[in-house]
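Beneath this line is the structure, given in structure tokens, with notes to follow.
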Amino acid sequence: SKVLARGEERLSEATRRDVHHDIEAEADRLYRLVEDLLVLARFDGQRLTLGDEPVLLQRLVPGVVASEKARWPSARLRLEAPPGLPTVRADPTYTEQVLRNLLTNAAKYGPPGAEIRIVLEGSGDEVLVRVLDEGPGFPAEKADLLFDLFYRSPLTAGAAGGAGIGLFVCRRLVQAMGGRIWAANRPEGGAEFGFSLRTLVEDEA
């Protein structure tokens, strides 16, 4: 912003576009970091209130995927959502935050042009949301550590900036909604990060 303020008339159009893009990207990154920090503070102060309402993931997830496509134009996001998935019990705002964090990691650490698949699946009394990437994966023995506060995998720590907060927040939110979260390396390469949410039973509707 200081570059623009001091010498915008001397800057080329391409340079101005690059600077504007950097400002927008950094503002978005800081917004999301503050969003995660607010969740941490509310958990620590026992002041976080999660909604517990019927949510159709096949309606909620496409909007998140569309916004992340615009944010990460070099990544190829592909949503697979079969019709007829059951309703889950969740907080829609925090469910979106969890999915945004997982998609951000997949796009940030994957190679340019890599495909990221977002797969919704019904499984017994829960619905799964799986994010499948083509990134470097992680040491298998470190899978549980990925969700610890401030932990960053040595395979990705040097590839892009990060605070080691997002996955910890994801775990706390998913568990608070009665779901589970996981990370696994894919046999064909890349990683899977996913979470599940409980389905709404008939006597709760």
Side-chain angles (χ1 to χ4, degrees), residues 27-69 71-72 77 79-82 84-108 116 118-133 143-152 162-184 191-205:
D28 185 69
R29 184 182 69 83
L30 289 173
Y31 171 83
R32 293 176 187 232
L33 178 59
V34 170
E35 191 177 45
D36 287 341
L37 289 172
L38 284 173
V39 170
L40 286 181
R42 288 167 180 163
F43 265 121
D44 289 344
Q46 298 182 341
R47 292 179 287 108
L48 183 69
T49 301
L50 275 75
D52 184 21
E53 58 189 85
V55 174
L56 284 172
L57 290 175
Q58 59 269 41
R59 292 185 181 175
L60 180 146
V61 171
V64 179
V65 172
S67 68
E68 292 304 301
K69 279 183 178 179
R71 185 172 179 239
W72 303 99
L77 277 64
L79 174 61
E80 301 174 19
L85 287 173
T87 304
V88 300
R89 297 190 67 94
D91 183 304
T93 298
Y94 288 125
T95 300
E96 290 183 6
Q97 184 172 345
V98 170
L99 182 55
R100 285 200 308 269
N101 278 348
L102 297 185
L103 291 177
T104 292
N105 280 356
K108 185 164 62 173
I116 300 170
I118 303 94
V119 181
L120 306 185
E121 295 179 7
S123 178
D125 61 352
E126 58 186 4
V127 175
L128 315 182
V129 182
R130 303 168 60 209
V131 177
L132 310 174
D133 67 43
D144 290 337
L145 292 176
L146 295 174
F147 297 98
D148 286 353
L149 186 60
F150 302 132
Y151 179 81
R152 300 190 68 206
I165 295 174
L167 289 179
F168 177 79
V169 167
C170 287
R171 181 176 66 179
R172 294 291 299 269
L173 288 174
V174 170
Q175 290 177 344
M177 290 187 285
R180 57 191 181 90
I181 193 167
W182 63 87
E192 171 181 337
F193 286 82
F195 64 97
S196 70
L197 295 169
R198 298 173 296 119
T199 58
L200 184 71
V201 298
E202 289 186 3
D203 58 3
E204 294 176 319

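Predicted, not measured: the structure shown is a model, and the values here were computed from it. Heavy atoms only: backbone and side chains are in, while hydrogens, waters and symmetry mates are out.
- A search for side chain to side chain contact (heavy atoms under 4.5 Å, CB included) contacts involving Ala183 returns Phe138, Leu146, Phe147, Phe193, not counting sequence neighbours.
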- Query: Should Leu103 and Leu99 be marked as a side chain to side chain contact (heavy atoms under 4.5 Å, CB included) after you check the CA-CA gap, both sets of side-chain angles, and the distance that decides it?
  - Reply: CA-CA 6 Å; Leu103 291 177; Leu99 182 55; 4.0 Å; yes
- Message: For a side chain to side chain contact (heavy atoms under 4.5 Å, CB included) check, start with the C-alpha distance between Leu102 and Leu167, then their side-chain angles and the critical distance, and finish with the verdict.
- Response: CA-CA 8 Å; Leu102 297 185; Leu167 289 179; 3.6 Å; yes
- Chi angles and distances behind the side chain to side chain contact (heavy atoms under 4.5 Å, CB included) call for Arg198, Asp125: CA-CA 6 Å; Arg198 298 173 296 119; Asp125 61 352; over 6 Å; no
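- Ser196 and Val174 get closest at one heavy-atom pair: O-CG1, 3.9 Å.
- Residues satisfying the side chain to side chain contact (heavy atoms under 4.5 Å, CB included) test with Ala90, not counting sequence neighbours, are Val55, Val88, Thr95, Met177, Leu197.
- Of all the heavy atoms in Leu85 and Gln58, the pair that sits closest is O-NE2, 3.1 Å.
- For Phe168 against Leu149, the heavy-atom pair with the smallest separation is CD1-N, 3.5 Å.
- Note that CG of Leu79 is 7.5 Å distant from NZ of Lys69, once rounded to the nearest 0.5 Å.
- Taking 4.5 Å as the limit, every side-chain heavy atom of Leu128 sits out of range of all side-chain heavy atoms of Phe195.
- Residues satisfying the side chain to side chain contact (heavy atoms under 4.5 Å, CB included) criterion with Pro86, sequence neighbours excluded, are Val127, Thr199.
- Here the shortest heavy-atom pairing between Thr93 and Asp91 reads N-OD1, 3.0 Å.
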- Run the numbers on Glu80 and Leu120 for side chain to side chain contact (heavy atoms under 4.5 Å, CB included), then give the verdict. CA-CA 6 Å; Glu80 301 174 19; Leu120 306 185; over 6 Å; no
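- Residues Leu60 and Glu96 have side chains in contact (heavy-atom distance under 4.5 Å, counting atoms from C-beta outward).
- Listed by chain and residue number, Arg130 satisfy the side-chain hydrogen bond (donor to acceptor under 3.5 Å, both in side chains) test with Glu121 (two or more places apart in sequence, or in another chain).
- Residues forming a salt bridge (Lys or Arg N to Asp or Glu O under 4.0 Å) with Arg180 (at least two apart in sequence, or on another chain): Glu126.
- We find the CG-CG distance between Leu200 and Leu56 to be 9.5 Å, quoted to the nearest 0.5 Å.
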- Stepwise side-chain hydrogen bond (donor to acceptor under 3.5 Å, both in side chains) check, Thr104 with Arg71: CA-CA 9 Å; Thr104 292; Arg71 185 172 179 239; 2.9 Å; yes
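- The CZ atom of Arg100 lies 13.0 Å from the CG atom of Asn105; values are rounded to the nearest 0.5 Å.
- Here the closest non-hydrogen pair linking Ala176 and Leu50 is CB-CD2, 3.7 Å.
- Residues meeting the side-chain hydrogen bond (donor to acceptor under 3.5 Å, both in side chains) test with Asp52, sequence neighbours left out: Arg89.
- Across all their heavy atoms, Ala191 and Asp133 have their closest contact at N-OD1, 2.8 Å.
- Contact check for Arg171 versus Asp148: side-chain heavy atoms found under the 4.5 Å cut-off.
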